[in-house]
There are 2 protein chains.
Amino acid sequence: MKQETADGVRSVERAASIIQAVADAGEAGARLTDIAIKTGMSKTTIHRLLGTLVKVGWLDQEDKSSTFYLGLPLVAIGNTASDRHGLLDLAAPHLKRLAELTGDTVYLAVRMGSQALCVDRVIGNFPIRTATLRIGDRRPLGTCPGSLALLAGQPQDLIEELMLSASHLQIGSLKVDTVGLPRLIAQSRASGYSMSPEVLVPGADGLGVPVMGAGGSAVAALSLETVDSRLSEPRRTQLVEWLQREAAELSENLLRLSPGFSQREVHRMLADAI
Amino acid sequence: MKQETADGVRSVERAASIIQAVADAGEAGARLTDIAIKTGMSKTTIHRLLGTLVKVGWLDQEDKSSTFYLGLPLVAIGNTASDRHGLLDLAAPHLKRLAELTGDTVYLAVRMGSQALCVDRVIGNFPIRTATLRIGDRRPLGTCPGSLALLAGQPQDLIEELMLSASHLQIGSLKVDTVGLPRLIAQSRASGYSMSPEVLVPGADGLGVPVMGAGGSAVAALSLETVDSRLSEPRRTQLVEWLQREAAELSENLLRLSPGFSQREVHRMLADAI
DNA sequence: AATGCATAATCCGTGTAGCGGAACTATGTT
DNA sequence: AACATAGTTCCGCTACACGGATTATGCATT
């Protein structure tokens with residue numbers, strides 16, 4: 001065998017590995033050698049690519065030290081990425097309103113492969129604060145209220161596929177309860193909201209609801225995290241109601257403003273309308 | 001002349017141009033031809049790079065349409081980028097507290113070249129909401145309260161340099177008042193806070209204070225935006241006091257937890273301490 | 001100071017990976 | 001049906017990236 005299925009621009013793939021390595025290093029940054037160990041690429045190559053990456057602003061070498069950090073321009077890029085179809089702007093008022101009504105922490109998540117990606121959050125004013133997820137954090141679908149709502153809102157065939165997918169079975173320390181999951185999904189669909197399948201943080205718990213897009217599947221999820229004592233019955237029904245109302249409104253705005261239709265389809269529809 | 005000073009990995013530079021082009025296109029995404037027009041590169045090259053960029057997850061081609069969006073993994077990367085040295089985590093409680101105390105919108109900004117980059121914000125509960133900046137937005141230094149505080153907090157020689165820098169004179173529709181700026185900087189330094197040099201959004205105004213890092217220069221700025229009627233005197237003094245207190249605490253935490261010292265220096269200091 | 005050990009920067013010959021013009025296909029428009 | 005526009009594939013040429021070897025730098029230890 002020559003190369004596996006290597007088609008693609010090598011340098012760019014390598015550059016991506018480097019960025020990923022630096023991102024994994026987190027707030028502390030990474031040095032050339034760290035990256036070499038992590039990626040297995042030769043130091044020479046990394047050195048060359050580092051130069052380019054610094055040049056384009058994706059990496060940053062503070063003063064002239066040997067530690068590299070992710071470049072600040074990536075902040076703007078990342079934020080634009082999370083605003084695809086204007087979702088962030090549309091959802092912001094709903095998140096804010098929920099956080100005010102409930103006092104708890106509210107999250108907005110979208111699906112990224114077999115994971116849920118947290119793209120926004122608003123922390124409420126209730127004195128005891130629970131804020132487990134940060135923007136950019138990922139969870140395997142089905143392991144927290146939001147990601148469960150997102151999963152349950154997918155078409156059935158996709159659910160099967162996602163549950164089977166190997167990467168889905170275990171990501172980090174979180175393992176998906178493959179056995180119990182179908183029941184949880186059924187429950188979510190029946191009741192219109194999702195509860196946390198297992199307690200991740202002792203004392204904290206949450207609720208999630210799907211945000212429907214065109215085609216009847218979930219494009220996002222709104223979820224809420226609070227101390228478990230504040231999820232008991234009189235309050236829970238109220239919370240679910242609020243979440244569902246905001247999700248419905250958001251869904252409506254999404255469908256009106258950013259259709260999942262191609263330009264051609266829109267054209268055709270406009271033509272028909274005239 | 002052969003090539004300008006072109007050293008660097010071409011493909012990666014090109015890939016960066018493409019990502020930038022897609023980012024500039026914003027929430028609506030970009031097509032191959034759009035990118036070709038914007039970057040001036042040949043379609044073949046773009047096509048090849050697009051393939052790679054999709055493969056590494058930096059671009060996303062929804063279903064199989066011809067529109068490319070920024071990949072969701074960039075959200076996580078961008079967020080890590082803004083958390084350099086743990087700034088985001090350290091600052092979050094202060095932002096939250098300020099937003100609660102004041103009811104107004106609070107921003108956290110850092111310097112990126114001759115611009116200020118907004119890396120976090122919390123919208124307060126006051127019924128009239130002003131939220132001009134979004135996370136990832138940039139402003140030339142000196143054009144808004146936060147960026148002015150950031151500028152005034154730099155060492156004098158850097159200020160001169162930044163004010164001279166051509167790119168600084170006009171970015172987008174914002175033009176820096178080069179003439180009035182030195183006075184504004186002096187005022188900011190004397191009073192310990194900055195006011196908006198000019199009104200960007202009618203009826204809205206703000207205050208900014210620097211967050212000091214090691215070496216006595218500003219590493220970040222806290223700022224606050226509100227309706228101008230809420231900035232008149234009895235209240236303004238109170239706001240400045242709150243901002244300065246939070247900035248001071250944040251500064252202290254920054255110095256304690258994430259020093260600008262190299263690993264060796266830390267080593268030596270620890271050794272001395274024993 | 002002197003030595004030793006990392007890590008980072010530079011050099012350079014080799015081979016291939018990336019380049020882009022042109023031709024082709026697909027899709028929507030008049 | 002003919003046109004227009006956007007995207008894809010082909011292919012030969014060369015510039016460009018590769019990585020082993022070498023040198024330079026910066027910190028710790030003696």
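Residue numbers begin at 1 in each chain, while the letters A, B, ... track the order of the sequences.
Atoms CD1 (A/I46) and P (C/dA8) sit 10 Å apart, rounded to a whole Å. D/dA4 atom P lies 18 Å from atom CZ of B/R31, rounded to whole Å. In this entry the distance linking CG of A/L59 with C1' of C/dA8 reads 16 Å, nearest Å. In this structure, CD of B/E13 is placed 15 Å from P of C/dG18, rounded to the nearest angstrom. Rounded to an integer number of Å, the gap from CD1 of A/I37 to P of C/dA6 is 12 Å. Look at CE on A/M41: it is 14 Å from P on C/dA8, rounded to the nearest Å. Rounding to whole angstrom units, CZ of residue A/F68 and C1' of C/dA8 are separated by 9 Å. Remark: P of C/dA9 and CD1 of A/I35 are 11 Å apart, rounded to the nearest angstrom.
The two atoms that bring B/V9 and A/S11 nearest to each other are CG1-CB, 3.5 Å, heavy atoms only. Nearest heavy-atom pair, B/A247 versus B/P210, reported as atom, atom and distance to 0.1 Å: CB-O, 3.6 Å. Contact between A/A81 and B/V75 at its shortest, heavy atoms only, is CB-CG2, 4.0 Å. Closest approach of B/A15 to A/V12, counting heavy atoms only: CB-CG2, 3.9 Å.
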In sequence, state the C-alpha distance, the side-chain angles, and the governing distance for B/T67 and B/E62, and then conclude on side-chain contact (heavy atoms from CB on, under 4.5 Å).
-> CA-CA 7 Å; B/T67 309; B/E62 284 191 347; over 6 Å; no
Verdict with reasoning, B/V54 to B/F68, per side-chain contact (heavy atoms from CB on, under 4.5 Å) | CA-CA 9 Å; B/V54 168; B/F68 292 83; 3.7 Å; yes
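Salt bridge absent: A/R84 and B/E27 never bring a charged side-chain N and a carboxylate O closer than 4.0 Å.
Between A/T45 and D/dA17 there is no side-chain polar atom (N or O) within less than 4.0 angstrom of OP1 or OP2. A close approach under 4.0 Å does occur between a side-chain nitrogen or oxygen of B/S66 and OP1 or OP2 of D/dG7. OP1 or OP2 of C/dA17 has at least one side-chain nitrogen or oxygen of A/R10 nearer than 4.0 Å. OP1 or OP2 of D/dG7 has at least one side-chain nitrogen or oxygen of B/T33 nearer than 4.0 Å.
Mapping A/V12 and A/D34 onto DNA chain C via the closest heavy atom, the residue that lands nearer the 5' end is A/D34.
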Contacts under 3.5 Å, N or O only, protein and nucleotides 9-12 of chain D:
none

Show me the protein contacts with nucleotides 23-26 of chain C, counting only N or O atoms at under 3.5 Å.
none

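With C/dG20, D/dG19, D/dG7 as the candidates, the nucleotide lying closest to the side chain of A/R14 is D/dG19.
Under the side chain to side chain contact (heavy atoms under 4.5 Å, CB included) criterion, B/P73 pairs with A/M112, not counting sequence neighbours.
Looking at B/Q20 and B/D24, their side chains do bring a donor and an acceptor atom within 3.5 Å of each other.
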